[in-house]
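As structure tokens, the structure follows; a few thoughts come after it.
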There are 2 protein chains.
Amino acid sequence: MLTIGKLSRLTGVKVPTIRYYEQIGLLSCPERSEGGQRIYEMAVGQRLSFIRHARELGFSLDDIRELLTLSDEPDQSCAAVDEIAKRQLVEIEKRITRLTALKTEMRRMLDQCACQTVSTCRVIEVLGDHTLCTDDH
Amino acid sequence: MLTIGKLSRLTGVKVPTIRYYEQIGLLSCPERSEGGQRIYEMAVGQRLSFIRHARELGFSLDDIRELLTLSDEPDQSCAAVDEIAKRQLVEIEKRITRLTALKTEMRRMLDQCACQTVSTCRVIEVLGDHTLCTDDH
DNA sequence: CTTGCACCTCTAGTGACTAGAGCAATTATA
DNA sequence: TATAATTGCTCTAGTCACTAGAGGTGCAAG
């Protein structure tokens, strides 16, 4: 049996975040002590660690809600799980592509700047005129 | 002289976003027609395009506010401008590094999944147990 | 018994918009 | 000129995933 603080230390999820997850229905309401404090069973730690890890991998809370529902039905096909994970992978790849283009553009902008006065600043100039860009972004 | 709709089409910034920029002081209040509609001078288009382009490159509105202030003082050194841009570049690089680690982890997870039932699903398993990860994230 | 930390609820704030309601003004068509 | 369609106006509230803070209560150690 765990207080919310111990659960927090165990999982690395902050206390207000745990309460927030309860509020949005991602965690079910735990029992309370006589004084009204939350008392968690050990198993909640697993669930919360799952959530945390999935968040770290960039899954949205909605995705996680779905994954948790699916993981509660062990006999079902895991195709739906893979589907969510694949979608997430595609999203990550898209973001990488985009960020790489941005990086190129930023570096080019900075490399070209002779760094004198603002009136001749290449950074300001490029920001004001998209046609000076080579990459799509 | 432009209505807000024409300014929007000219710059690719949505109408409510233009009003929002005015609200937070990124654009100054334009004159109004007799009926109370906003009338913009052509020059505002430049400023708005600047903002849009900087947003596309991932600058925050606070950064942009600073860049706009700096660009209004053409005789000053552009070191401060470069500083902001460099900070932004570092941020982008950090995000790419992180996302690349995530991608590796996601792909590994998906590759290992034999895709049968949820009970044997590698995706669910890895999400529940961080120690199964190789990459930092 | 008291000190001090951990916990409680509730509200509001973050960033950068977006959506919608309920109107008014302007422009195009008949 | 009348009407219809489009565009504009303000204001409020919602998005996501929390985070911060106020003002109070519970609980365990010394």
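Residue numbers start from 1 in every chain, and the chains themselves are labelled A, B, ... in the order their sequence lines are given, proteins ahead of strands.
- Scanning residues 14-33 of chain A for heavy-atom distances under 4.0 Å to DNA chain D yields A:Lys14, A:Thr17, A:Tyr20, A:Tyr21, A:Ser33.
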Could you go through nucleotides 28-30 of chain D and list every protein N or O atom that sits under 3.5 Å from one of its N or O atoms, giving the distance for each pair?
none

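- B:Glu83 has no carboxylate O lying under 4.0 Å from a charged side-chain N of B:Lys86, or vice versa, which leaves the two without a salt bridge.
- Remark: the backbone N or O of A:Ile96 is paired with a side-chain donor or acceptor of A:Thr100 at under 3.5 angstrom.
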Test salt bridge (Lys or Arg N to Asp or Glu O under 4.0 Å) on A:Arg107 and B:Glu93; report intermediate values, then the result.
CA-CA 11 Å; A:Arg107 210 196 280 289; B:Glu93 282 168 346; 2.7 Å; yes
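- For residues 5-21 of chain A, there are no salt bridge (charged side-chain N to carboxylate O under 4.0 Å, His left out) pairs, not counting sequence neighbours.
- Side chains of A:Asp62 and A:Ser60: a donor-acceptor N/O pair is absent below 3.5 angstrom, by distance only.
- For DNA chain C, the contact window with chain B, defined by any atom under 4.0 Å from a protein heavy atom, covers C:dA16 to C:dT26 in 5' to 3' order.
- Residues from residues 34-48 of chain B lying near DNA chain D, meaning a heavy-atom separation below 4.0 Å, are B:Gly36, B:Gln37, B:Arg38 in numerical order.
- Under the 4.0 Å criterion applied to side-chain N and carboxylate O atoms, B:Glu56 and A:Arg98 are not assigned as salt-bridge partners.
- For residues 23-81 of chain A, the pairs satisfying ring pair (Phe, Tyr, Trp, His ring centres under 6.0 Å) are A:His53-B:His130, A:His53-B:His137, with sequence neighbours left out.
- Ion pair B:Glu22/B:Arg38 flagged as a salt bridge, since at least one NZ, NE, NH1 or NH2 atom sits closer than 4.0 Å to an Asp/Glu carboxylate oxygen.
- Under the 4.5 Å side-chain heavy-atom criterion for Ile, Leu, Val, Met, Phe, Trp and Tyr, A:Met42 and A:Val15 are members of the same hydrophobic cluster.
- Looking at B:Leu2, B:Leu48, B:Val44 one by one, the single match for side-chain contact (heavy atoms from CB on, under 4.5 Å) with B:Leu10 turns out to be B:Leu2.
- Within the structure, salt bridge (charged side-chain N to carboxylate O under 4.0 Å, His left out) contacts touching residues 117-128 of chain A (residues at least two apart or in different chains) are A:Arg122-A:Glu125.
- Of the residues in residues 53-66 of chain A, those lying under 4.0 Å from DNA chain D by heavy-atom distance are A:Arg55, A:Ser60, A:Leu61.
- Every residue meeting the side chain to side chain donor-acceptor pair (under 3.5 Å) condition with A:Thr117, not counting sequence neighbours, appears here in chain and number order: A:Ser119.
- Residues from residues 85-105 of chain B that place a heavy atom under 4.0 Å from any atom of DNA chain D: there are none.
- Within a 6.0 Å radius of CD in B:Gln46, no more than 12 heavy atoms belonging to other residues, nucleotides or ligands are found.
- Checked against side chain to side chain donor-acceptor pair (under 3.5 Å), B:Arg47 has no partners two or more places apart in sequence or in another chain.
- Expressed to the nearest 0.5 Å, how far OG1 of A:Thr11 lies from CD1 of A:Ile51 amounts to 9.0 Å.
- Residues passing the salt bridge (Lys or Arg N to Asp or Glu O under 4.0 Å) test with B:Glu73, sequence neighbours excluded: none.
- Residues A:Cys133 and A:Val126 are in side-chain contact: their nearest non-hydrogen atoms beyond the backbone lie under 4.5 Å apart.
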